[in-house]
Structures are given as structure tokens and as C-alpha cells.
Amino acid sequence: MVFIHHKHYSNKFLSSKKDKITLRRPFIAANWKMNKTIPETREFLKEFVLLAEDATDVDIAVAPPFTSLSAAAESVKGTNIKIAAQDIFYEEKGAFTGEISPAMILDCGCSHVIIGHSERRQYFNETDEVINKKVKAAKNNGVGVIFCIGESLAERESGKTFDVLKMEIEKGLENIGGDNIVVAYEPVWAIGTGRTAAPSQAQEAHAYIKDRLRVLYGNKADENRIIYGGSVTPENVDSLMACEDVDGALVGGASLNAESFARIIKFKKIKK
Ligand code: 13P
């Protein structure tokens with residue numbers, strides 16, 4: 001597989017190394033996708049809560065399927081672990097069979113929601129316009145947003161990575177303030193494929209995203225965390241987290257096992 005290498009992208013603005021330390025706590029979230037029943041959720045969290053007890057310098061969230069949200073919230077009561085939904089609908093209530101409102105996930109004990117995941121874009125035809133409405137609805141209800149963007153393999157290979165990221169940010173976050181938004185960079189070619197982005201590829205994309213956020217939010221953008229997703233594992237998390245603009249991770253497959261996810265939230269800081 002041939003990758004076209006983009007010319008190296010680095011922040012035009014201040015280096016954010018210092019900002020990372022002072023402003024942004026790492027944020028690491030598990031996206032379970034369509035996995036785990038209620039008993040499986042309880043079993044995972046029973047183990048994970050103990051393993052995560054000493055991880056005090058990182059924000060942790062777990063996103064189970066809707067059916068397990070209440071059980072998950074119950075299991076993490078009194079801990080620092082937050083619960084996230086994997087999606088919401090943007091209307092408050094009404095005749096929308098099968099949909100779940102922001103108030104309903106709050107009701108289940110969620111503080112966050114994942115919006116615009118590439119699987120929702122790909123299999124459920126979610127457009128940037130729909131995603132924008134969902135982000136607005138989440139924010140109006142005080143729900144923290146994990147806003148996902150990322151290019152496909154074809155887009156990367158034809159040199160369109162930055163154009164895609166720019167468009168997804170501009171449309172998805174149109175007329176939306178930056179507070180309470182975590183951006184997840186998830187290159188589609190790295191999701192579930194075992195092919196993680198190299199730290200340099202992740203850093204380059206994150207630096208670009210940071211600059212786009214600065215266009216929208218000015219210096220306030222330095223408070224927005226940009227997390228990486230796509231085949232994150234206990235083996236590669238340390239080198240990804242060492243990147244200047246990588247503030248955390250959104251983890252699929254490797255978050256389904258408590259020990260493996262615990263190792264990820266306890267990533268080791270590599271000195272460069
Ligand atoms: P994997 O970690 O399984 O590649 O999934 C990444 C992802 O899509 C997280 O949202």
C-alpha cells in the first residue's frame with residue numbers, strides 16, 4: 001500500500017507543548033461499538049474500576065451501547081470514570097421511532113456523547129449537516145461532545161486529507177462554540193484494521209486540526225483536546241501520547257478487555 005506523504009505540517013502558531021501540560025488533561029475513551037450485554041458491561045467495569053483506581057491524572061470515559069448505559073453508570077458511581085453514549089438524535093422528543101434524545105442519555109447517567117463516528121457516517125448515511133445538529137443538541141443539553149472526523153484511505157492516497165478534515169470541522173462545528181468539545185481524529189483506514197497511524201502522521205493531522213480550531217475559536221482552541229483513534233493498543237499508546245498535539249485516545253477493539261484498556265489509560269510518558 002502506498003501512502004502519499006503530505007509535506008510536513010506543523011503548527012504555524014505557538015508550540016503547544018507547554019499548553020498540553022498546563023491546559024489539557026489527557027482524555028482517553030473506550031468506544032465499545034455494538035459489543036457487550038448488561039452482564040458483560042458489569043463484569044468489565046467491576047474489574048476495570050479497580051485497575052483504574054490509581055489513574056488520577058487522566059480523564060476516562062467508557063461508551064457502551066445504549067442498553068448498557070444505566071448499568072455502566074451504576075457500576076462507576078463514586079469513581080472518576082465517565083459514561084458516554086455512542087450517538088444521540090437531535091430532537092428533544094416526538095415521533096422518531098428508534099431514536100434517543102440528549103435528555104434520555106443524561107437520564108442514564110451519561111456526561112458525554114460520541115458524534116459523527118465514521119461508522120455512523122458510512123453505514124447510516126450521517127451527513128455533516130446532521131452531525132452539526134447533533135453536536136448543537138448535545139451542547140444545548142450540557143452533554144460533552146466527542147466529535148469524530150477523519151479521512152478514508154482513498155482520500156489520503158489522493159492527497160485530500162487536510163481538505164476532508166477542514167470540511168468536516170467547518171460543517172460539523174458551524175455556529176457552535178468550542179467549549180465542551182473534544183475532537184477525535186480517526187483516520188478511517190486505521191479503524192479496526194490493526195494499521196495505526198504512525199505517530200508522525202497522527203501529529204501532523206492533529207497539528208492541522210488545532211490550527212483549524214484556532215481559526216474558529218482563537219486562543220481558546222488551546223483548551224480543546226484532540227484525541228487519536230484507530231487501532232490504539234497497549235503497545236502503541238505510549239508513542240502516540242508522546243506527540244505534542246495528541247491529547248488522548250478513542251479506543252475500539254482494545255477497550256473491550258479491562259486489562260488492555262487499563263494499560264492504555266496508564267500510558268507511559270516518553271521523554272523526547
Ligand atoms: P479500533 O480501536 O478498533 O480501531 O476502533 C477505533 C474507533 O473507531 C474508536 O472510535
Side-chain angles (χ1 to χ4, degrees), residues 1 26-36 40-41 44 48 58-66 68-69 72 81-88 105 110-124 126 131 134-135 138 143-153 155-156 161 164-165 168-169 172 181-199 201-202 205-206 209 225-241 243 246-267:
M1 199 71 63
F27 184 99
I28 300 192
N31 176 9
W32 284 357
K33 309 190 180 186
M34 199 171 72
N35 290 290
K36 294 197 192 292
E40 286 165 350
T41 299
F44 174 100
F48 181 71
V58 54
D59 288 339
I60 306 163
V62 175
F66 288 124
S68 282
L69 288 177
I81 303 164
K82 298 178 169 67
I83 301 301
Q86 296 174 19
D87 188 27
I88 41 160
I105 64 161
C110 287
S111 56
H112 288 74
V113 61
I114 298 171
I115 295 178
H117 192 279
S118 66
E119 286 150 17
R120 301 237 31 110
R121 295 177 189 257
Q122 195 179 337
Y123 304 132
F124 305 99
E126 276 195 17
I131 289 162
K134 291 185 172 186
V135 176
V143 179
V145 175
I146 303 167
F147 168 67
C148 303
I149 56 175
E151 80 288 358
S152 67
L153 183 60
E155 288 163 342
R156 174 161 283 262
T161 297
V164 171
L165 297 178
E168 288 181 340
I169 290 170
I181 291 186
V182 172
V183 177
Y185 170 59
E186 298 208 303
V188 179
W189 48 270
I191 295 179
T193 57
R195 249 178 62 199
T196 324
Q201 289 174 313
H206 283 227
I209 292 165
R225 288 172 290 192
I226 305 171
I227 65 177
Y228 169 81
S231 298
V232 175
T233 64
E235 289 73 37
N236 60 31
V237 66
D238 301 341
S239 53
L240 286 161
M241 289 303 293
C243 298
V246 175
D247 303 316
L250 184 54
V251 189
S255 75
L256 294 172
N257 173 279
E259 273 181 26
S260 145
F261 189 50
R263 170 61 183 85
I264 291 173
I265 59 153
K266 294 181 194 179
F267 67 93

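Bear in mind the structure is a predicted one, so any value in this text is a computation, not a measurement. Order of listing sets the numbers, starting from 1, for every ligand and every atom in it.
Considering backbone and side-chain atoms together, Thr193 places no N or O closer than 3.5 Å to any N or O of ligand 1. Taking only nitrogen or oxygen atoms, main chain and side chain alike, Glu186 reaches within less than 3.5 Å of ligand 1.
Not one N or O on the side chain of Ser152 forms a donor-acceptor pair closer than 3.5 Å with the backbone of Val188. Checked by atom type and distance alone, the side chain of Ser255 never pairs as donor or acceptor with a backbone atom of Phe261 at under 3.5 Å. No donor-acceptor distance shorter than 3.5 angstrom exists from the side chain of Glu186 to the backbone of Gly150, with no hydrogens or angles considered. Between the side chain of Lys36 and the backbone N or O of Leu256, at least one donor-acceptor pair lies under 3.5 Å. With hydrogens and angles disregarded, a donor-acceptor distance shorter than 3.5 Å links the side chain of Arg121 to the backbone of Cys148.
Close approach of ligand 1 to Gly253 is summarised as follows: ligand atoms under 4.0 Å from at least one heavy atom of the residue are 1 (P), 2 (O), 3 (O). The contact set between ligand 1 and Ser231, taken as ligand atoms under 4.0 Å from a residue heavy atom, comprises 1 (P), 2 (O), 4 (O). Per-residue contacts place Gly230 under 4.0 angstrom from the following atoms of ligand 1 (heavy atoms of the residue considered): 4 (O), 6 (C). Near Lys33, meaning under 4.0 Å from any of its heavy atoms, are these atoms of ligand 1: 5 (O), 6 (C), 7 (C), 8 (O).
At least one heavy atom of Ala190 lies less than 4.0 angstrom from ligand 1. Not a single heavy atom of Ala254 sits closer than 4.0 Å to an atom of ligand 1.
With no hydrogens or angles considered, no side-chain donor-acceptor pair links Trp32 and Gln86 at under 3.5 Å.
Ring orientation note: the planes of His206 and Tyr185 are nearly perpendicular, at an angle over 60° on the 30°/60° scale.
Nearest heavy-atom pair across Ile146 and Ala184 is CG2-CB, 4.1 Å.
Contact annotation: for Leu250 versus ligand 1, heavy atoms closer than 4.0 Å belong to both the backbone and the side chain. Contact annotation for Cys148 and ligand 1: no heavy atom of the residue comes within less than 4.0 Å of the ligand.
Around atom 4 (O) of ligand 1, the closest heavy atom drawn from Gly252, Pro187, Ala29, Gly192 belongs to Gly192.
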